[in-house]
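As the structure lists them, so they are numbered: ligands from 1, and atoms in each ligand from 1.
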Amino acid sequence: MRHIAIIGSGPAGYYTAEAAQKQWGDDVRVDVFDMLPVPYGLIRTGVAPDHQSIKGVSKRYETTALSDNVRFVGNVMIGKDVSVAELQQLYDAVVIATGAPHDRKMDLPGEDLGNVFGSAAFVGWYNGHPMFANLDPDLSGDTAVVIGMGNVALDVTRILSKSRAEFAGSDIVAHALDILDTSKLKRIVVLGRRGPHQIMMTPKELGELSHLTRAAPRVDPADLPEEGEDALLEPGLRKSVTHLRSFAAIPESHYADYPIEIEFDFFASPRALIGSAGKVEAVEVERTKVEAGRAVGTGEVYTIPASMVVCCIGYRSSPIPDVPFDERAGRFANDEGRILPGLYCVGWARRGPSGTIGTNRPDGFSVVEKIAEDMAAGALGHGGKQGRPGFDALAERRGLDVVTFRDWKKIEAQEEARAREGAPREKFVDVADMIEARKG
Ligand code: NAP
């Protein structure tokens, strides 16, 4: 029997569990750990609440979770409740699948001003992550600046733009819906340090900006390269740029019908956040040009008034004590998923925050292949690890309050029962409430 511990119950974790099942069938036992009492990581707290079809992938993870050889071990924080070294003594292989839950910093003056948020915090807030439930953004001003030209910037922009009615059928948490409902925003500036040909936004997500009921996108035609140059782009990016061209062609009269403008500001690199009384009031920006794909400052500086700022410039993994970490890249130091003998990483913890949710499936299968190779080569010792019973004894000794998948199903049932009309669920945003809800 092989014993595998996976730290993190998001997409990378469950795809790895699925791959282990396919590889070893009844000859493996997999424990999937999560610091929260609820599973699915990024699917629950990262994917936008109005993208329910993407969140639907959790049904696939549930099939894996409900099989006899995989179990969910919630409410256990590895690195605090139990160390990685302890897991390594109990399991043949330990796989870190903790994603990249922290914001990359811009390291700019003023980044710590009030009403400035990183996207991990802001997305976590509207998705009900217990760590960010109390963020309490102030939407009483008229201009939000969203920094970054990736899909997270699009998610944040869209969520800030939508009316209450447009959240029908979503699982946005009540505390966020109530604050968004008070929004006085009139302008959302999406700031990119490079140009339209260098955006990271995908076509479907960008196209959604054309269908908002109270916000309209605006692109300055002067920012767009010659149309012929689009032919050189890879097809996905070319499609995205086609959306930008259609935004640039929107007639001026159109905007009169929309109280919110979403303004794309290209070739604009943030230099500082400026504020008073501890609160942000503007973003200082340097105009750039793109040379050999890189943003180069032109020396022209201007300021954009900003009552709030959300930085959507990428994420970092969270280090775990005693596990080698690549500080510069913000992920675990690894060679194709191998960290140390018997210790692996997968998904964003391995490669950094890129790709779609589906990218994690081949990643999961690949790390299991590495584990199988290492086992076959005798690099992981000669078995005899205790696995589950060993962990259960440790949890008992330490008085850990482990949440099982069966407990999660009770929490889920309660979240569904308290959903507002038309919504799939109303999430608990407090760990104590989740624990209480498992009583059924
Ligand atoms: P991303 O796609 O890497 O985009 C990050 C953006 O931040 C880029 O435009 C980058 O510009 C900019 N940036 C980085 N450092 C900056 C700085 N110091 N100053 C100004 N701008 C800076 O990252 P993401 O949006 O966080 O998304 C992470 C991953 O999740 C991506 O793979 C994304 O596709 C995926 N995702 C997918 C969906 C979906 O499919 N619906 C939704 C959300 C996220 P440069 O290019 O110039 O560096």
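- Residue-level proximity to ligand 1 for Val47 is absent, since no heavy atom of it falls below 4.0 angstrom.
- Screening Lys186, Arg218, Arg187 against Glu263 for a salt bridge (Lys or Arg N to Asp or Glu O under 4.0 Å) leaves a single residue, Arg187.
- With 3.5 Å as the limit, one finds no donor-acceptor pair spanning the side chains of Tyr126 and Asp155.
- Nearest residue to atom 2 (O) of ligand 1 from Arg271, Glu208, Met200, Met201 is Met200 (criterion: closest heavy atom).
- Separation of the Tyr15 and Tyr61 ring centroids falls under the 6.0 Å cut-off.
- Shortest contact from atom 26 (O) of ligand 1 to any protein heavy atom: Val152 CG2, 3.3 Å.
- Of the listed residues (Ser269, Ala48, Cys312), the one carrying the non-hydrogen atom nearest atom 5 (C) of ligand 1 is Cys312.
- Two residues are said to be in side-chain contact when any heavy atoms from C-beta on lie closer than 4.5 Å; Asp178 and Asp181 fail this criterion.
- No hydrogens or angles considered: nothing links the side chains of Ser366 and Asp363 as a donor-acceptor pair under 3.5 Å.
- By the criterion of a heavy-atom distance under 4.0 Å, the side chain of Arg104, and not its backbone, is placed next to ligand 1.
- Among all non-hydrogen protein atoms, the one lying nearest atom 43 (C) of ligand 1 is Asp155 OD2, 3.4 Å.
- In this structure, atom 23 (O) of ligand 1 is not in close contact with the protein, since no protein heavy atom lies within 4.0 Å of it.
- Considering only non-hydrogen atoms, atom 19 (N) of ligand 1 lies nearest to Arg193 out of Glu205, Arg193, Arg294.
- Between the side chains of Ser163 and Glu166, at least one donor-acceptor pair of N or O atoms lies under 3.5 Å.
- With hydrogens and angles disregarded, no donor-acceptor distance shorter than 3.5 Å links the side chain of Trp125 to the backbone of Asn134.
- Among Gly150, Ala120, Gly355, Gly46, the residue whose heavy atom lies nearest to atom 31 (C) of ligand 1 is Gly355.
- For atom 34 (O) of ligand 1, the closest heavy atom belonging to the protein is Asn151 ND2, 3.0 Å.
- Taking only nitrogen or oxygen atoms, main chain and side chain alike, Ser354 does not reach within less than 3.5 Å of ligand 1.
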